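Notes follow once the structure below has been shown.
Protein chains get the first letters and strands the later ones, always in sequence-line order, with residue 1 at the start of each. The model shown is predicted, which means the values in this text are computed figures rather than measured ones.
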Protein chains: 2
Amino acid sequence: MNARRSPQSPAALSPATATATATAVAPRYRQVRSHVLGLISSGTLVAHDRIPSENELVRTLGVSRMTVNRALRELADDGVLLRVSGVGTFVADERVHAHPLEVRNIADEVRSRGHAYSARVVTLTTLRADAALAARLGVAPDASLQHSSIVHCENGRPLQLEDRYVNPAVVPGYLKNDFTRITPYEFLVRAAPLQQAEHTVQAVMPDARLRRLLKLDADEACLLIRRRTWSDGRVVTAADLWHPGKRYELSGTFEPLA
Amino acid sequence: MNARRSPQSPAALSPATATATATAVAPRYRQVRSHVLGLISSGTLVAHDRIPSENELVRTLGVSRMTVNRALRELADDGVLLRVSGVGTFVADERVHAHPLEVRNIADEVRSRGHAYSARVVTLTTLRADAALAARLGVAPDASLQHSSIVHCENGRPLQLEDRYVNPAVVPGYLKNDFTRITPYEFLVRAAPLQQAEHTVQAVMPDARLRRLLKLDADEACLLIRRRTWSDGRVVTAADLWHPGKRYELSGTFEPLA
DNA sequence: GGTATCATCCTGTCTATACAGGTTGGCCAG
DNA sequence: CTGGCCAACCTGTATAGACAGGATGATACC
């Protein structure tokens, strides 16, 4: 079952090689990438659908096969597409997989998959560190900490609950941000250069709060990533990142230096 | 065949495409990648050093510039190199942003904590690959595979259930081992050098078998690490590593920048 | 019916060539 | 010495053409 035929494209992409239009034009392989992402985000193609073959895209978009190939290969690297040699290229299924313990901006990750990012702020508070938090952030017990609790969503579905504690002595003004417009990551990396990070990964059973905020199924486990980041030898922030077990996995390749 | 008669040069790479050697030859851009990684791991080049330009590598390695370009671009994407348009390509700083999951011997891990390691062999069987397993190991459906199911214990308590599938065409004699005396890891790294590994990490709910073998609490989630390792371009083994959520976590720390 | 073969399509890789635009260092004129 | 110009080099992108090898369906043969 091959399903959908190629949705007639409005012919070629940018004004071909019109030399230099005043404003910078995205590279062609980027335009091909956007075109395919558009087919997915518009709903024209959904998971498991076959996308037009490289040669079809060559004809409809008026670019060379190597250019199409690069666009599709990168989308496959990003997990958006699945390529099967000799068969075709398909829209990957929904399971989200992020890179191994990497410190990245979740909004960028979601957008790179061609999906809509949104955030919901659950709570923003200033609190006093208990013994565990004080040890985790390297501050005195009872020190003042800023705490945010934010749900990051992909296409409106919860992808991560982020419980974050920030040491105001290192980065002041954290709670003044509008976290529906800027992610904690974006603010913090600008405020304090990231120099060291520590991760732990655990599987946990969700409590009632988690089930509610992440809209979890009854029999769904949670992947918990706990992260601390340092700048200038001091802990900038500690975060608990909770992910729905059925829709999220870490993945990555490891290549020993030859 | 042999389209690529290579204009031989001093330190060319593989013997071009010598038809079908029994073992698959890595693509040329992969060989370029390995060559550059070798310069770094050998200490010939260190952080901030400039690496040979694309055209130099073209001359030294006897490949086309597009092939070199792909290798370097991918290494830059991985954060190994830093490319500056118009200037050159440099070895990047030590990585702060990513931490690969390493492949380690669980017996060493346990012993390094000063604890007693023991293993219980649950099953050892030869079986035929179904479609999913065939895809995972890159073999034909119905191909023969060797499977081991082993519980690794720390001080007598289950720490990991390892479900492992081995391609006997790559490493024969896997099931002949006494896995209470040698771990699958120890046998396999000796039989086939580890050249690449892929991991995914998920949180899952345990089924009855898992609860029994890992002696899990009723409300305990499971951390599932799925790993594939390659040698000479072929999948040596695929493993499902199940860990009790309450007693296991992955962790990693990144060194500060110089 | 079953089976073997072949044409066709697909992705994956590789090459040779080309042009763009940025950077750098040297050379020359003022 | 300074400033401007330019050649040489670098990466980034794009193209056309080619072959390899897997997958697939049609066709011819037994």
Side-chain angles (χ1 to χ4, degrees), chain A residues 1-2 6 12-33 36 50-59 61-77 81-90, chain B residues 1-9 12-33 36 50-59 61-77 81-90 131 134-135 138-141 233:
Chain A
M1 59 163 304
N2 20 42
S6 50
L13 299 177
S14 75
T17 29
T19 321
T21 58
T23 59
V25 176
R28 311 270 273 227
Y29 74 90
R30 273 291 188 178
Q31 299 178 40
V32 174
R33 181 192 166 100
V36 174
R50 179 183 194 150
I51 77 164
S53 77
E54 295 189 352
N55 281 321
E56 282 180 86
L57 290 171
V58 164
R59 286 190 293 271
L61 301 180
V63 298
S64 81
R65 205 190 129 214
M66 284 299 292
T67 301
V68 171
N69 180 272
R70 175 166 177 187
L72 299 189
R73 175 157 42 80
E74 292 190 359
L75 284 171
D77 287 344
L81 299 178
L82 181 68
R83 314 202 74 187
V84 183
S85 178
V87 181
T89 302
F90 306 86
Chain B
M1 40 194 5
N2 75 27
R4 341 187 204 298
R5 67 263 191 214
S6 46
Q8 273 346 315
S9 51
L13 298 179
S14 79
T17 340
T19 320
T21 58
T23 59
V25 175
R28 310 271 269 228
Y29 72 89
R30 273 296 196 175
Q31 300 178 38
V32 174
R33 182 191 166 100
V36 174
R50 179 186 194 146
I51 76 163
S53 76
E54 295 189 352
N55 280 322
E56 283 181 83
L57 290 171
V58 164
R59 286 191 294 269
L61 301 179
V63 297
S64 82
R65 203 190 130 214
M66 284 301 292
T67 301
V68 172
N69 180 271
R70 176 166 176 186
L72 299 190
R73 177 158 38 82
E74 292 190 358
L75 284 171
D77 287 345
L81 300 178
L82 181 67
R83 314 202 75 189
V84 182
S85 179
V87 182
T89 302
F90 305 85
V139 299

Note to self: As a quick check of understanding, evaluate side-chain contact (heavy atoms from CB on, under 4.5 Å) for A:T67 and A:L61, giving each step before the final call.
What the structure shows: CA-CA 10 Å; A:T67 301; A:L61 301 180; over 6 Å; no

Margin query: Counting only side-chain nitrogens and oxygens, does B:S85 get under 4.0 Å of the OP1 or OP2 atom of D:dC10?
Written below: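 Looking at the OP1 and OP2 atoms of D:dC10, neither is under 4.0 Å from any side-chain N or O of B:S85.
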
Check: Think A:T67 has a side-chain N or O under 4.0 angstrom from the OP1 or OP2 of D:dA14?
Finding: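 So the side chain of A:T67 is outside the cut-off, no N or O lying under 4.0 Å from OP1 or OP2 of D:dA14.
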
Between [atom2] of [N] and [atom1] of [X], the distance in whole Å:
X: B:E54; N: C:dG22; atom1: CD; atom2: P; answer: 18 Å
X: B:N55; N: D:dG12; atom1: CG; atom2: P; answer: 13 Å
X: B:L81; N: D:dG12; atom1: CG; atom2: C1'; answer: 16 Å
X: A:L61; N: D:dT15; atom1: CG; atom2: P; answer: 11 Å
X: A:E74; N: D:dG12; atom1: CD; atom2: C1'; answer: 12 Å
X: A:L75; N: C:dT11; atom1: CG; atom2: C1'; answer: 15 Å
X: B:E56; N: D:dC10; atom1: CD; atom2: P; answer: 6 Å
X: A:I51; N: C:dC10; atom1: CD1; atom2: C1'; answer: 12 Å

Note to self: Which is more 5' along DNA chain C, the nucleotide nearest A:L72 or the one nearest A:M66? Just name the residue.
What the structure shows: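 Nearer the 5' end of the strand: A:L72.
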
Nearest to the side chain of [X], heavy atoms from C-beta on, is which of [options]?
X: A:N69; options: C:dT13, C:dT24, C:dT15; result: C:dT13
X: B:R65; options: C:dC14, C:dA16, C:dA18; result: C:dA18
X: A:S64; options: C:dG12, C:dT15, D:dA16; result: D:dA16
X: A:V63; options: D:dT15, C:dT15, D:dG21; result: D:dT15
X: B:R83; options: D:dA16, D:dG12, D:dT13; result: D:dG12
X: A:R28; options: D:dT11, C:dT15, D:dA14; result: D:dA14

Note to self: On a heavy-atom basis, which atom in B:R65 and which in B:N55 lie closest, and how many Å separate them?
What the structure shows: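 The pair with the smallest heavy-atom distance is CD-OD1, 3.7 Å.
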
Next item on the list: Would you please name every residue forming a salt bridge (charged side-chain N to carboxylate O under 4.0 Å, His left out) with A:R73, sequence neighbours left out?
Entry: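 Listed in chain order: B:E74.
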
Margin query: Taking any heavy-atom pair under 4.0 Å as a contact, classify A:R70: base, sugar-phosphate, or nothing.
Written below: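 Contact class for A:R70: sugar-phosphate only.
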
Check: When we call it a touch if two heavy atoms are under 4.0 Å apart, what does B:R50 touch: a base, just sugar-phosphate, or nothing?
Finding: sugar-phosphate

Margin query: Going by the rule side-chain contact (heavy atoms from CB on, under 4.5 Å), which residues pair with A:S85 if we only count those two or more places apart in sequence or in a different chain?
Written below: none

Checklist line | 5' priority, DNA chain D, between A:V87 and A:Y29 [closest heavy atom] | finding: A:Y29

Check: Can you tell which of B:R83, B:R50, B:E54 makes a side-chain contact (heavy atoms from CB on, under 4.5 Å) with B:T89?
Finding: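 Answer after filtering B:R83, B:R50, B:E54: B:R83.
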
